[in-house]
> 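One structure, as structure tokens, below. Some questions next.
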There are 2 protein chains.
Amino acid sequence: MDRLLADCRARLGFDLLGNTWNPVVLYALGAGPRRPGQLRAEIGGISAKVLTETLRRLEEYALVERRAYAEAPPRVEYSRTALGRTLLEPIEALGRWSATYGDAFVEAQGWDD
Amino acid sequence: MDRLLADCRARLGFDLLGNTWNPVVLYALGAGPRRPGQLRAEIGGISAKVLTETLRRLEEYALVERRAYAEAPPRVEYSRTALGRTLLEPIEALGRWSATYGDAFVEAQGWDD
DNA sequence: CGGTATCCGAAAAGATACTG
DNA sequence: CAGTATCTTTTCGGATACCG
């Protein structure tokens with residue numbers, strides 16, 4: 001906490017998770033390798049295109065690993081890399097917060113997404 | 001963690017922090033009340049307009065409180081509400097991640113913002 | 001099924017100038 | 001100093017159609 005936020009490194013995590021789908025997809029990958037179809041079902045409300053884009057982005061950052069199997073029909077699995085797993089702590093802290101305060105917040109603010 | 005991500009409440013925290021500035025501003029408010037000018041200096045790279053918009057948004061969510069003093073020149077201070085403080089844990093977890101892995105990540109990815 | 005290519009609209013964010 | 005008002009640019013995410 002002694003770092004200035006102006007230092008880009010101190011803000012890296014916020015950049016990585018500072019969009020709608022990166023943290024959600026990363027969170028959904030918590031329980032092990034997942035196929036895109038599974039991810040879409042578990043996450044809900046994400047289009048195939050946006051999911052693919054998100055996974056590509058995370059792959060680029062070396063947070064997620066893509067493994068394709070030469071089968072028909074095609075099978076692809078995504079999983080976290082070692083670096084991606086280090087993000088688990090802050091992401092799950094956020095998940096815990098949602099579980100703890102979500103109801104109260106939604107009630108107070110009238111949010112239902 | 002037994003909640004489906006499709007449940008909007010389980011994703012609330014991700015929505016609140018899932019944009020560029022909300023988490024950064026909330027993080028910058030960690031050390032107590034701040035004036036807009038201070039925030040801009042500490043954060044860096046945020047325009048007055050965007051900072052105001054962000055603070056208004058956070059105020060709307062009851063995460064941040066605005067206090068204006070009837071002085072000249074005008075003085076305004078923003079601070080976290082009790083609810084906003086509950087978000088401190090996940091946000092600081094993200095800050096810690098940045099401090100721990102920021103350098104390695106930037107080096108590996110060639111990011112300098 | 002996984003992935004790509006377009007096209008499109010909404011929202012975010014930047015720049016600038018101005019008010020109390 | 002804090003905030004507002006415009007205007008412009010850009011990014012993001014959604015919809016649809018199509019390929020291997």
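Every chain is numbered from 1, with letters handed out A, B, ... down the list of sequences.
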> Do A/Asn22 side-chain atoms and A/Leu16 backbone N/O form a donor-acceptor pair below 3.5 Å?
yes
> Going by the rule side chain to side chain contact (heavy atoms under 4.5 Å, CB included), which residues pair with B/Leu83 if we only count those two or more places apart in sequence or in a different chain?
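Checked B/Leu83 against side chain to side chain contact (heavy atoms under 4.5 Å, CB included); matches are A/Trp97, A/Tyr101, A/Phe105, B/Leu63, B/Thr81, B/Thr86.
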> Spell out, as yes or no, whether a donor-acceptor pair under 3.5 Å connects the side chain of B/Arg40 to the backbone of B/Gly45.
no
> Under 4.0 Å from any atom of DNA chain D, heavy atoms only: list the residues of residues 65-78 of chain B that qualify, in numerical order.
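Here the set is B/Arg66, B/Pro74, B/Val76, B/Tyr78.
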> How would you list, by chain and number, every residue that makes a ring pair (Phe, Tyr, Trp, His ring centres under 6.0 Å) with A/Tyr78, sequence neighbours excluded?
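A/Tyr78: no ring pair (Phe, Tyr, Trp, His ring centres under 6.0 Å) contacts found.
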> Could you work out, with side chain to side chain donor-acceptor pair (under 3.5 Å) as the rule, every residue matching A/Arg34, not counting sequence neighbours?
A/Glu42
> With sequence neighbours excluded, what pairs up with A/Arg35 under the side chain to side chain contact (heavy atoms under 4.5 Å, CB included) test?
A/Gln38, A/Arg75, A/Glu77
> According to the salt bridge (Lys or Arg N to Asp or Glu O under 4.0 Å) rule, which pairs have a member within residues 17-28 of chain A, sequence neighbours left out?
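Output for this query is empty, none listed.
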> For DNA chain D, what are the stems built from at least three Watson-Crick or G-U pairs in a row, each pair having both distances below 3.5 Å?
C:1-8 with D:13-20, C:10-20 with D:1-11
> Can you tell me which residue pairs pass the ring pair (Phe, Tyr, Trp, His ring centres under 6.0 Å) test with a partner in residues 44-76 of chain B, sequence neighbours excluded?
A/Trp111-B/Tyr61
> So, is B/Arg40 close to the D/dC1 phosphate, meaning a side-chain N or O under 4.0 Å from OP1 or OP2?
no
> Mind listing the N/O atom pairs, protein and nucleotides 9-16 of chain D, below 3.5 Å?
unit_1 : atom_1 : unit_2  : atom_2 : d
D/dG13 : OP1    : A/Thr20 : N      : 3.1
D/dG13 : OP1    : A/Thr20 : OG1    : 2.8
D/dG14 : N7     : A/Lys49 : NZ     : 3.2
D/dG14 : O6     : A/Lys49 : NZ     : 2.2

> Once side chain to side chain contact (heavy atoms under 4.5 Å, CB included) is applied, do any residues pair with A/Ala82, and if so which ones, sequence neighbours excluded?
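With sequence neighbours excluded, A/Ala82 shows a side chain to side chain contact (heavy atoms under 4.5 Å, CB included) to A/Arg85, given in chain and number order.
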> Nucleotide range of DNA chain C contacted by chain A, 5' to 3', under 4.0 Å to a heavy atom?
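So the outermost contacting nucleotides come out as C/dC1 to C/dT6.
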> Between the main-chain N or O of B/Ala99 and the side-chain N or O of A/Arg9, is there a donor-acceptor pair closer than 3.5 Å?
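A pair under 3.5 Å: no.
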> I'd like to check A/Leu39 versus A/Leu55 (side-chain heavy atoms, cut-off strictly below 4.5 Å). Are they in contact?
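A/Leu39 reaches A/Leu55 side chain to side chain.
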> Do any pairs count as a salt bridge (Lys or Arg N to Asp or Glu O under 4.0 Å) and have a residue in residues 46-57 of chain B, sequence neighbours left out, and if so which ones?
B/Lys49-B/Glu53, B/Arg56-B/Glu59
